[in-house]
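In what follows, a single structure is set out as structure tokens and then discussed.
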Amino acid sequence: MNTPTKILLDESEMPTRWYNVVPDLPVPPPPQLHPGTLQPAQPEDFGPLFPQALIEQEMSTERYIDIPGEVLDVYRLWRPSPLFRAHRLEKILDTPARIYYKYEGVSPAGSHKPNTAVPQVYYNAREGIKKLTTETGAGQWGSSLAFACAQFGLECEVWQVAASYRAKPYRRTMMEVWGGRVHPSPSELTEFGRELLKQDPDHPGSLGIAISEAVSQAVASEDTRYALGSVLNHVLLHQTIIGEEALLQLAKVGETPDVLVGCTGGGSNFGGLAFPFLREKLAGRMNPTIRCVEPTACPTLTKGEFRYDFGDTAGLTPLMKMHTLGHSFIPEPIHAGGLRYHGMAPLVSHVYDLGLVEAIAIPQRECFAGALQFARSEGIVPAPEPTHAIAAAVREALACRESGEEKVILTALCGHGHLDLASYDQYLHGDMQDLELSDEAIAEAMKDVPVLA
Ligand SMILES: *Cc1c(COP(=O)(O)O)cnc(C)c1O
């Protein structure tokens, strides 16, 4: 089919509502639990962490939530984002498949994360909050939040995983350009951080530890709240603008996907792309296979257990039922920093448990091989995280070459890799290794997961 390379929407066609998948699911998702009482968490339990509007969205059973005008105004700086038909990638793969990718690297921070950073900061600003704290790994989320805070005049304080703070100075600079303050985590600023630094002054840190530090600082101050860049229901909700736009764009060229693949770290770009298509599937209007793709070094869905666990290492967050490798698990330093999280979004975990989506794990060298094919044909250098989605799309396209099937494959290219070139350098010079997580390492980390009666 002769579709154009770039399928665009006018600003006036941009969706004005986010989609909440919860009311359409055949079984409601399990509630989050208060860590002390183990009873379902109540809205007031989240008060010290999040503004009221986001707590309501976190627990909402409304199918659609209007996007505030002030948020739409900021979205228009880069949205609607383009949907590309990967004609050139298809050609070098010699596949009859038709591959489409939704490109989120056009945002100021270079990834999908501003889609939720902007509304999160907006709702905090509206409720009089002056400062937000957060954690970041490679810096994608921290820079997105710093950008959004600059838009609405809030202070932004970021705990960055120490290993990344040292290895990836440029995203730290981006955060500072947008006015953020950045600390390596573990830090001397929190009790938990000081304790860890006493054990190991060169502690590499982890996302779970950085979350503990950012949360503890937020709850200690009246005009400060905390912001999370993935995992939670309201984050996935905000990201559904990706899938809603993609639906409109595919409709323009008369296509429906047969296979949808997305990379999953905490699950937000995947949920954002997939949930509007899951709605269509559950309503019987299309029937795509929907597949999560994760790294073999952090195989949360494919090897983790589906049970209640904490979102952070110190155990400060509510307990969430999710696929988890254990909140004390510290993943190997793979290049896809955004996919190194011990848990998976409760909503993604739930739809996986219900059998509505599939999951696979791919080692990083296959991912970078796919990324090079992609960069040399389509031109864009992908961030290390979506190389997993690309590798999965390549696998599908090659299977179509064998079978002769003309499947329509859809994925999200959720960020560009301009600040991740050191990873490409390692791959190109043969210094990259595949990391498989042993069953023993998983069993060890699972020991710390709370056992509920
Ligand atoms: C943060 C990040 C991810 C992982 O987070 P999800 O919530 O799983 O989307 C993936 N890709 C990029 C580019 C990121 O910045």
Side-chain angles (χ1 to χ4, degrees), residues 19-33 35 38-41 58-61 63 208 228 230-237 239-240 243 259-284 286-296 298-311 317-327 329 331 339 341-362 388-389 392 437 439 442-443 445-446 448-453:
Y19 168 60
N20 179 11
V21 75
V22 169
D24 287 332
L25 295 175
V27 181
Q32 303 186 18
L33 303 182
L38 302 185
Q39 294 304 306
E58 186 63 23
M59 302 189 152
S60 173
T61 52
R63 184 168 285 112
L228 190 65
S230 183
V231 178
L232 297 178
N233 299 350
H234 67 266
V235 179
L236 274 60
L237 172 82
Q239 294 295 353
T240 58
V259 186
L260 189 159
V261 290
C263 69
T264 45
S268 74
N269 88 84
F270 173 83
L273 176 69
F275 286 171
F277 287 87
L278 183 58
R279 172 189 69 215
E280 299 303 302
K281 180 173 168 145
L282 291 168
M286 55 177 73
N287 193 23
T289 297
I290 303 178
R291 189 174 298 140
C292 306
V293 190
E294 55 187 16
T296 50
C298 194
T300 321
L301 287 168
T302 52
K303 290 205 173 162
E305 286 182 37
F306 186 43
R307 54 192 275 191
Y308 276 100
D309 196 6
F310 294 106
T317 70
L319 288 159
M320 297 179 280
K321 191 163 184 193
M322 59 182 176
H323 286 80
T324 180
L325 295 166
H327 63 276
F329 172 65
L339 307 186
Y341 180 62
H342 68 272
M344 182 54 61
L347 275 177
V348 172
S349 294
H350 181 59
V351 297
Y352 179 59
D353 187 60
L354 292 176
L356 299 174
V357 304
E358 305 175 353
I360 57 170
I362 301 186
H388 293 74
L437 187 60
D439 292 342
I442 296 173
M446 290 304 294
D448 291 335
V449 178
V451 178
L452 305 188

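In this chain, numbering begins with 1 at the start of the sequence shown.
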Please assess Lys321 against Asp353 for the test side-chain contact (heavy atoms from CB on, under 4.5 Å), listing each intermediate value before the final yes or no. CA-CA 11 Å; Lys321 191 163 184 193; Asp353 187 60; 5.9 Å; no
One pair to check against side-chain contact (heavy atoms from CB on, under 4.5 Å): Leu236 and Val348. What are the steps and the verdict? CA-CA 9 Å; Leu236 274 60; Val348 172; 3.8 Å; yes
Stepwise, does the side-chain contact (heavy atoms from CB on, under 4.5 Å) test hold for Leu325 with Leu437? CA-CA 10 Å; Leu325 295 166; Leu437 187 60; 4.2 Å; yes
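Counting heavy atoms from C-beta outward, Leu356 and Pro26 have side chains that approach closer than 4.5 Å. Contact of the Lys281 side chain with the Asn287 side chain is registered, since non-hydrogen atoms from C-beta on lie closer than 4.5 Å. Taking the side chain as every heavy atom from C-beta outward, Pro29 and Val351 never approach each other to under 4.5 Å. Side chains of Asn20 and Asn233 form no contact here, defined as non-hydrogen atoms less than 4.5 Å apart. Residues Met322 and His342 form a side-chain contact, since some pair of their non-hydrogen atoms from C-beta on lies under 4.5 Å apart.
In this structure, Thr264 and Met344 approach most closely via the heavy-atom pair CB-CE, 3.6 Å. Of all the heavy atoms in Pro318 and Pro35, the pair that sits closest is CA-CD, 3.9 Å. Across Leu33 and Leu452, no two heavy atoms sit closer than the pair CD1-CD1, 3.7 Å. Considering every non-hydrogen atom in both Ala389 and Val261, the closest pair reads O-CG2, 3.7 Å. The two residues Gly326 and Met446 make their nearest non-hydrogen contact at N-SD, 3.7 Å. Listed here is the closest heavy atom pair of His388 and Ile362: CD2-O, 3.7 Å.
For Glu58, there are no salt bridge (charged side-chain N to carboxylate O under 4.0 Å, His left out) partners, not counting sequence neighbours. For the side chain to side chain contact (heavy atoms under 4.5 Å, CB included) test, no residue two or more places apart in sequence or in another chain qualifies with Pro28. For the ring pair (Phe, Tyr, Trp, His ring centres under 6.0 Å) test, no residue two or more places apart in sequence or in another chain qualifies with Phe329. Under the rule for a salt bridge (charged side-chain N to carboxylate O under 4.0 Å, His left out), Asp448 has no partner lying at least two apart in sequence or in another chain.
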Atom pairs and distances, donor-acceptor, side-chain atoms in residues 267-278, under 3.5 Å, two or more places apart:
unit_1, atom_1, unit_2, atom_2, d
Ser268, OG, His112, NE2, 3.3
Asn269, ND2, Cys263, O, 3.1

Taking only distance into account, with no hydrogens and no angle test, what donor-acceptor pairs under 3.5 Å do side-chain atoms of residues 303-311 form with protein atoms, sequence neighbours excluded?
unit_1, atom_1, unit_2, atom_2, d
Glu305, OE1, Arg307, NH1, 3.2
Arg307, NH2, Val449, O, 3.4
Arg307, NH2, Pro450, O, 3.3
Tyr308, OH, Pro31, O, 2.6
Asp309, OD1, His327, ND1, 2.7
Asp309, OD2, Thr324, OG1, 2.8
Asp309, OD2, His327, N, 2.9

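In this structure a side-chain-to-backbone donor-acceptor pair under 3.5 Å is present from His350 to Val27. Between the side chain of Glu294 and the backbone N or O of Thr300, at least one donor-acceptor pair lies under 3.5 Å. Of the possible donor and acceptor atoms, none in the side chain of Asp24 sits under 3.5 Å from a partner among the backbone N and O of Leu282.
Taking OH of Tyr352 as the start and SG of Cys292 as the end, the distance is 8.0 Å to the nearest 0.5 Å. Ser60 OG to His234 NE2: the interatomic distance, rounded to the nearest 0.5 Å, is 12.5 Å.
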